[in-house]
Number of protein chains: 2
Amino acid sequence: MCRQNPGRDGNMSLRQIAQSLGVSITTVSRALAGYSDVSAATRERVVAEAHRIRYVPNEVARRLQRGRADGIGFIVPGGARGFDDRYFLNMVEGAWWRLAGTEVDLLVLSSDQGPTEALTYRRIVEGGRVDGLLVPRIRESDSRIDYLCEVGFPFIAFGAEPSHPKAYAYVDIDTEAATAEAMRHLADLGHRSVALLSSDEALVFARSREAAFLKAAAGLGITTTILCGKLAEASGFALMSELLARPDRPTAAISITDRIGIGAVRAVREHGLTVGPDMSIITFGDNPVVAFMHPPMTAISIPVQAMTAHAVDYLLARRERPDAPLTRLWKTELVVRESTAAPRGRGMASDLPLAV
Amino acid sequence: MCRQNPGRDGNMSLRQIAQSLGVSITTVSRALAGYSDVSAATRERVVAEAHRIRYVPNEVARRLQRGRADGIGFIVPGGARGFDDRYFLNMVEGAWWRLAGTEVDLLVLSSDQGPTEALTYRRIVEGGRVDGLLVPRIRESDSRIDYLCEVGFPFIAFGAEPSHPKAYAYVDIDTEAATAEAMRHLADLGHRSVALLSSDEALVFARSREAAFLKAAAGLGITTTILCGKLAEASGFALMSELLARPDRPTAAISITDRIGIGAVRAVREHGLTVGPDMSIITFGDNPVVAFMHPPMTAISIPVQAMTAHAVDYLLARRERPDAPLTRLWKTELVVRESTAAPRGRGMASDLPLAV
DNA sequence: CTGTTAGCGCCTTCAT
DNA sequence: ATGAAGGCGCTAACAG
């Protein structure tokens, strides 16, 4: 016959309670579930006994029976690079926070970006390990989205692919508003030429921030430069170094992630320049450390935790109602600190012919 | 009867394959599991059909049957404060990294630190959701440890409680060696009075770093000060501010976490002093950002990812062999950057009467 | 080599 | 108000 469940000492199951009380398992189950069609006396005895033997239901069995995973998956992309950004921590934290105290687990899953990615997704989705998925860092023409849409599995994308044929659920920041506010701030300080430090990877959020940057700059009559690298401090360092070497260099830069911004600040300092007067820097993200850098960084604060918690809410709600409401676009806040200043040798904003 | 499993379109089960091929479910199961006692022809047909209907096994059912969760849990402590440290990200990353490509899931679980904590642990352990647990931030007289030891559930503690009656599996850094090396570095620079910025919470690692600090200082004849706050930047700021206000203030400080160190650096700067000559700072941790701060911080680099990955290895191995090997103590590395320097108005190390 | 049988622990009809 | 029976999907033991 089958071996006993090996991982546990005794069998703390419903059967045990049923046997010591001389009732059926069914009754025990019902009493514990709080059904009203159990006599009060019986319920009391069952509950007492359950408490006595410290009964804890087996979640796995329960999940099999209910056909529900009671889990939300967060997929960390990219096998090699991995969990590279504090941003992911904030997402994990937001999801974790929302799930604390519930019976729903947070699964941190990985997927490589190669040919096996599709299989990985199938195993996660069709293997029944989760009820919903958080999918960050959406790529252009993202096959993961296609798959999830096709099988109708509940998921939330972080950032949307603008031209995707199917509408799918996503959360994102209001990139245009965020960028416009940041550019306005720079223009007010007197900057006339601004760079964007971006990534050349096929990431939707990078493209979207670039587009918003160009649009805002056009509106303000600001000269633009876009430099692309990777999403890492070292790349921010390299990009900024390249920018500083230019004779007609911009006086300010916006970086599309905190990590790039951190590297950029360091490059400015190592070139013997002062962040702010010599080169103003604004970063998308605003993870806690940028406020503690020198100088404290002006940042477009993205409410990652709140967005993720809300996304989890949506996924949980969708288990019952397919039309659960979802807040798609989130407002950011420009937190002005000391990495932005009027450019050296420039007048104040009021002197400038701003094309507004 | 029971409803159909609601979460899935069709029933991609073994039964489906069995029926279309006219063989038993058992045979299909065996063929897919790669057992040798299946005829090659049958196996081939089964595999082909499984591929055709894109069969993916149901993990939940498999887990129930095998009596195994195929999951490792990482418990994030403290409901209110939460996932407050980059350190946790590194742990999650280490565990995630090790688990990538396996069929074992990483569950990020939460537990409050109140009266319900015990129940939370019971639900996780006895509910069969994980095969093993990573338990960070061990407290003094930690009831979680008592419980896990009592039921014999596989777990790894991060940091050990020195006086616990039962030996249990843990990983930790070699705190004494790490601290001695840092203090030696400060002594070599000419520092004669050093502070430790610590936490007054009942955390084993804080006590352990304090003890190592006092021991190393005694060996070097260095004057000591210990200030205790919380584990946050703001606390580091407050502690350092307090230190700077002292007339006979130390010339250097070691902070027990990166977050405290980051706050401390900022306090030094805001008091118009220079980190290094006016106040040298070394921090335990060395998360990636401290190298990008100004000045780049000298740090005791803790190999968190490697430690966690190894802990996961151990938990996985323990599922088969109860005597799986475990590396308990890990070497740290002192990464000297620019936050440590000779104190102002002091000679070089060679001039000093060091009690070695 | 293959099929039958019997569960893993829980929950839910259906019958009493 | 309670019990018996069946099944979620998979796998192991025991026969042939």
Side-chain angles (χ1 to χ4, degrees), chain A residues 1-19 21-46 50 53 55-70 103 123 126-129 131, chain B residues 1-19 21-46 50 53 55-70 103 123 126-129 131:
Chain A
M1 291 305 112
C2 284
R3 63 169 171 222
Q4 285 301 311
N5 189 335
R8 316 191 30 206
D9 309 4
N11 183 0
M12 297 293 176
S13 64
L14 292 180
R15 182 182 298 130
Q16 197 167 95
I17 300 177
Q19 279 174 352
L21 258 47
V23 293
S24 73
I25 292 182
T26 314
T27 303
V28 174
S29 170
R30 275 196 283 241
L32 258 20
Y35 283 2
S36 55
D37 54 355
V38 180
S39 76
T42 308
R43 164 151 53 246
E44 209 156 308
R45 284 172 57 216
V46 168
I53 70 163
Y55 169 74
V56 175
N58 180 312
E59 278 302 320
V60 179
R62 193 175 255 183
R63 285 167 190 183
L64 177 61
Q65 150 64 30
R66 299 215 264 233
R68 242 201 206 186
D70 282 331
E103 290 288 274
R123 277 217 277 250
E126 292 162 39
R129 289 145 74 179
D131 298 318
Chain B
M1 290 303 113
C2 283
R3 63 171 169 221
Q4 285 301 311
N5 189 336
R8 316 197 21 212
D9 308 5
N11 185 358
M12 297 293 175
S13 64
L14 290 180
R15 181 182 299 129
Q16 198 166 98
I17 301 176
Q19 280 175 353
L21 258 47
V23 292
S24 74
I25 293 181
T26 315
T27 303
V28 175
S29 170
R30 278 194 281 241
L32 258 21
Y35 282 4
S36 56
D37 53 356
V38 180
S39 76
T42 308
R43 165 151 55 245
E44 209 156 308
R45 284 171 56 216
V46 168
I53 70 164
Y55 169 75
V56 174
N58 180 312
E59 278 301 320
V60 179
R62 193 174 254 184
R63 286 166 188 183
L64 177 61
Q65 150 63 28
R66 297 215 265 235
R68 243 201 205 187
D70 282 331
E103 291 287 277
R123 277 217 277 249
E126 292 164 39
R129 289 145 74 178
D131 298 319

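Source: prediction; values computed, not measured. Reminder, nothing fancy here: chain letters follow the sequence lines and each chain counts from 1.
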Visitor: Scan for side chain to side chain donor-acceptor pair (under 3.5 Å) pairs involving residues 29-39 of chain B, sequence neighbours excluded, and state none if there are none.
Guide: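 For residues 29-39 of chain B, and leaving out neighbouring residues, the side chain to side chain donor-acceptor pair (under 3.5 Å) pairs sorted by first residue read S39(B)-T42(B).
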Visitor: Taking only residues two or more places apart in sequence, or in another chain, which ones meet T26(B) in a side-chain hydrogen bond (donor to acceptor under 3.5 Å, both in side chains)?
Guide: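 Testing T26(B) for side-chain hydrogen bond (donor to acceptor under 3.5 Å, both in side chains), a comparison that skips the adjacent residues, returns none.
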Visitor: Can you give me the closest heavy-atom contact between L64(B) and A61(A), atom names plus distance?
Guide: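 Where L64(B) meets A61(A) most closely, the heavy atoms are CD1-CB, 3.7 Å.
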Visitor: Who are the salt bridge (Lys or Arg N to Asp or Glu O under 4.0 Å) partners of R129(B), not counting sequence neighbours?
Guide: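 R129(B) satisfies salt bridge (Lys or Arg N to Asp or Glu O under 4.0 Å) with D105(A) once adjacent residues are dropped.
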Visitor: Heavy-atom nearest nucleotide on DNA chain C for A61(B) versus S36(B): which residue maps closer to 5'?
Guide: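 First, find each residue's nearest nucleotide; the 5'-ward one identifies S36(B).
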Visitor: Between the base of dG9(C) and the side chain of R63(A), is one N or O donor paired with an acceptor at under 3.5 angstrom?
Guide: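 Side chain to base: no pair present.
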Visitor: Regarding dG7(D), can its base be found pairing with the side chain of Q65(A) as donor and acceptor, where the two atoms are less than 3.5 Å apart?
Guide: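 Side chain to base: pair found, below 3.5 Å.
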Visitor: Base, sugar-phosphate or nothing for I25(B)? Non-hydrogen atoms, less than 4.0 Å.
Guide: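 I25(B): base contact, heavy atoms under 4.0 Å.
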Visitor: Under the rule for salt bridge (Lys or Arg N to Asp or Glu O under 4.0 Å), what residues qualify as partners of D131(A), not counting sequence neighbours?
Guide: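 Once residues adjacent in sequence are excluded, the partners of D131(A) under the salt bridge (Lys or Arg N to Asp or Glu O under 4.0 Å) criterion are R319(A).
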Visitor: Looking for any heavy atom pair under 4.0 Å, which part of the strands does V60(A) touch: base, sugar-phosphate only, or nothing?
Guide: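 The residue V60(A) makes no contact with any strand.
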Visitor: Who passes side-chain contact (heavy atoms from CB on, under 4.5 Å) against L32(A), sequence neighbours left out?
Guide: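 With neighbours one apart ignored, the set is L14(A), I17(A), V28(A), V46(A), V47(A), A50(A), Y55(A).
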Visitor: Find which nucleotide of DNA chain D each of R30(B) and E59(B) is nearest to by heavy atoms, and output the residue with the more 5' nucleotide.
Guide: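 It is E59(B), whose closest nucleotide lies nearer the 5' terminus.
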Visitor: For R62(B), give me all partners under salt bridge (Lys or Arg N to Asp or Glu O under 4.0 Å), at least two apart in sequence or on another chain.
Guide: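 R62(B): salt bridge (Lys or Arg N to Asp or Glu O under 4.0 Å) contacts with E59(B).
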Visitor: Expected output is a numbered-order residue list: members of residues 38-46 of chain B with a heavy atom under 4.0 Å from any atom of DNA chain D. What is it?
Guide: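 Within residues 38-46 of chain B, no residue comes under 4.0 Å of DNA chain D.
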Visitor: For E103(B), check salt bridge (Lys or Arg N to Asp or Glu O under 4.0 Å) against everything at least two apart and list the hits.
Guide: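 Partners of E103(B) by the salt bridge (Lys or Arg N to Asp or Glu O under 4.0 Å) criterion, ordered by chain and then number, come out as R123(A).
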Visitor: Measure from the side chain of R62(B), starting at C-beta and using heavy atoms only, and say which of dG9(D), dT11(D), dC11(C) lies closest.
Guide: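 Comparing dG9(D), dT11(D), dC11(C) against the side chain of R62(B), the answer is dT11(D).
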Visitor: To the side chain of T27(A), which of dG3(D), dC11(C), dG3(C) is closest?
Guide: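 That would be dG3(D).
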Visitor: Enter the inter-axis angle for the ends of the helix from dC1(C)-dG16(D) to dT16(C)-dA1(D) (five pairs per end, rounded to 10°).
Guide: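 Answer rounded to 10°: the end axes differ by 50°.
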